[in-house]
> 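If you scroll down you'll find the structure; I have some questions about it.
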Protein chains: 2
Amino acid sequence: MKEIESTLQNKGIRPTAMRMLIYKFMAEKNSAQGLSDLELAFTKADRTTVYRTLKTFEEKGVVHQIDDGTGVLKYALCEPGCRCDIERDLHLHFHCNACDKTICLTEHKIPHINLPDGFIAEDANLVVKGICDSCSTY
Amino acid sequence: MKEIESTLQNKGIRPTAMRMLIYKFMAEKNSAQGLSDLELAFTKADRTTVYRTLKTFEEKGVVHQIDDGTGVLKYALCEPGCRCDIERDLHLHFHCNACDKTICLTEHKIPHINLPDGFIAEDANLVVKGICDSCSTY
DNA sequence: ATTAAAATGCACTTCTGTTGCACGGCTTTT
DNA sequence: AAAAGCCGTGCAACAGAAGTGCATTTTAAT
């Protein structure tokens with residue numbers, strides 16, 4: 001818990017109890033979490049607080065937003081070395097159609113794409129859908 | 001207009017006036033359209049009608065849905081030869097941060113991705129964001 | 001301890017997508 | 001031609017998620 005506190009401080013975030021709990025919760029999950037997931041996990045807290053906490057985390061490069069195509073935005077902790085606050089880390093995301101979880105495949109970077117003349121790429125988002133390793137081993 | 005009529009019929013869609021107008025509208029655009037875009041273009045018609053028309057088009061493989069990360073679903077006509085109704089056409093989509101348009105780069109297929117053991121890919125979505133050719137030529 | 005700033009909670013709004021129901025026209029059947 | 005039924009359309013209302021304004025509490029600094 002002390003580690004979390006210093007982690008947040010290093011990122012320029014005041015480590016309140018709420019923020020540390022949310023950070024801890026997300027660190028324990030191996031899949032990306034939606035606002036409603038956190039809402040359910042922290043019924044004592046208000047939706048807005050969770051919402052703004054995520055926004056703060058995102059601004060400071062603690063989490064990154066994932067649009068996995070389900071219609072709800074997900075959030076996942078950034079990898080230790082990532083400079084999400086400066087430049088997007090272009091790893092791909094995997095959404096399992098069975099368990100409905102979305103996970104970061106941080107080792108798998110989005111390949112370079114050749115665009116037609118005149119097109120300038122600034123960012124990219126790749127989501128692969130299918131069956132994850134947990135669900136495929138039955 | 002006669003062409004549109006037979007196109008729809010070939011896809012198993014009854015060619016009503018509304019449907020032909022919507023098809024025509026989308027065919028004239030080179031960018032993907034959201035529900036609200038069509039809503040604005042057809043103020044005489046009801047939102048629900050446009051919505052259900054798109055759903056019908058999608059089911060029958062006339063249009064495909066695009067999640068470009070803006071939070072609103074877009075639709076674009078499928079290419080002549082595409083078998084969207086059977087198997088997804090994995091071309092990539094480009095979203096322009098300047099003009100906010102989303103277009104299909106049908107020539108650019110999503111490259112094959114090597115996934116970790118146990119992961120099975122069924123579908124993929126790749127959206128590149130940046131500046132489109134129209135906006136970059138100033 | 002006092003004060004200022006930041007975080008939290010409550011209520012409300014907006015936007016998008018979606019569904020239920022009723023009306024009306026077109027098609028089909030007799 | 002009349003009757004029956006299907007299908008498209010429109011109206012209304014709902015649901016879920018994201019976002020905002022303001023009052024209150026908590027935290028940090030002096």
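Here is how names work: the chains are called A, B, and so on, in the same order as the sequence lines, proteins then strands, and each is numbered from 1.
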> Using the side-chain heavy atoms of L35(A), tell me which of these nucleotides is nearest: dA18(D), dG17(C), dG19(D).
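Nearest to the side-chain atoms of L35(A), counting from C-beta on, is dA18(D).
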
> Measure from CG on D46(B) to P on dT18(C) and round the result to the nearest Å.
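Distance, rounded to whole Å: 15 Å.
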
> Which nucleotide in the list dG10(D), dG19(D), dT8(C) gets nearest to the side chain of K55(A)?
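Output: dG19(D).
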
> Send over the distance from Q33(B) CD to dT16(C) P, rounded to a whole Å.
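Value for this atom pair: 14 Å.
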
> Rounded off to whole Å, could you give me the CD-to-P distance for the Q9(B) and dT27(C) pair?
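After rounding, the gap between these two atoms is 11 Å.
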
> For Y23(B) and dG8(D), what is the distance between atoms OH and C1' respectively, to the nearest whole Å?
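Result: 20 Å.
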
> What is the ring orientation for H93(A) with H64(A), classed by angle as parallel under 30°, tilted 30 to 60°, or perpendicular over 60°?
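The rings of H93(A) and H64(A) lie parallel, inter-plane angle below 30°.
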
> Just to confirm, is there a sub-4.0 Å distance from OP1 or OP2 of dG8(D) to any side-chain nitrogen or oxygen of R19(B)?
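Affirmative; the distance criterion is met.
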
> What's the CG-C1' distance between D67(A) and dT16(C), to the nearest Å?
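Nearest whole value for this atom pair: 14 Å.
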
> For nucleotides 21-30 of chain D, read 5' to 3', which letter fits each nucleotide if B means a protein heavy atom sits under 4.0 Å from the base, S means only the sugar-phosphate is that close, and - means neither?
BB-----S--

> Ignoring backbone atoms, establish whether Y51(A) has a side-chain N or O less than 4.0 Å from OP1 or OP2 of dG19(D).
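True: Y51(A) side-chain N/O within range (under 4.0 Å) of dG19(D) OP1/OP2.
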
> Taking for each residue the nucleotide of DNA chain C with the nearest heavy atom, is it L73(B) or K44(A) whose nucleotide lies nearer the 5' end?
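It is K44(A) whose nearest nucleotide is closer to the 5' end.
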
> Please test D68(A) against K129(A) for side-chain contact (heavy atoms from CB on, under 4.5 Å), starting from the C-alpha separation and ending with a verdict.
CA-CA 9 Å; D68(A) 60 7; K129(A) 301 188 186 192; over 6 Å; no

> Select from R47(B) and M18(B) the residue whose nearest nucleotide in DNA chain D is closer to the 5' end of that strand.
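Its nearest nucleotide lies further toward 5', so the answer is M18(B).
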
> Output a table of donor-acceptor pairs, distance under 3.5 Å, between side-chain atoms of residues 106-119 of chain B and any protein atom two or more places apart or on a different chain; print 'none' if there are none.
unit_1	atom_1	unit_2	atom_2	d
H108(B)	NE2	N114(A)	O	2.9
K109(B)	NZ	D89(B)	OD1	3.1
K109(B)	NZ	T106(B)	O	3.0

> Under a 3.5 Å distance rule, please check whether T137(B) uses its side chain to pair with a backbone N or O of S134(B) as donor and acceptor.
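A pair under 3.5 Å: yes.
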
> With sequence neighbours left out, which residue pairs that include part of residues 32-62 of chain A fulfil the ring-ring contact (aromatic ring centres under 6.0 Å, His included) condition?
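Output for this query lists F25(A)-F42(A).
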
> What is the distance from CG of L54(B) to P of dT16(C), rounded to the nearest Å?
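After rounding, the reported distance stands at 14 Å.
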
> Measure the distance from CZ on F42(B) to C1' on dT9(D) and round it to the nearest whole Å.
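Nearest whole value for this atom pair: 15 Å.
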
> Quick test of your reading of the model: are E59(B) and K55(B) salt-bridged, counting only N-O distances below 4.0 Å?
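Looking at K55(B) together with E59(B), the answer is no, because their closest N to O distance does not fall below 4.0 Å.
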
> Grab the CG-C1' distance between D37(B) and dC15(C) for me, whole Å please.
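Rounding to the nearest Å, CG of D37(B) and C1' of dC15(C) are 14 Å apart.
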
> Would you mind reporting whether D123(A) and L90(A) have side-chain heavy atoms less than 4.5 Å apart?
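When only atoms from C-beta onward are counted, D123(A) and L90(A) do touch, with a gap below 4.5 Å.
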
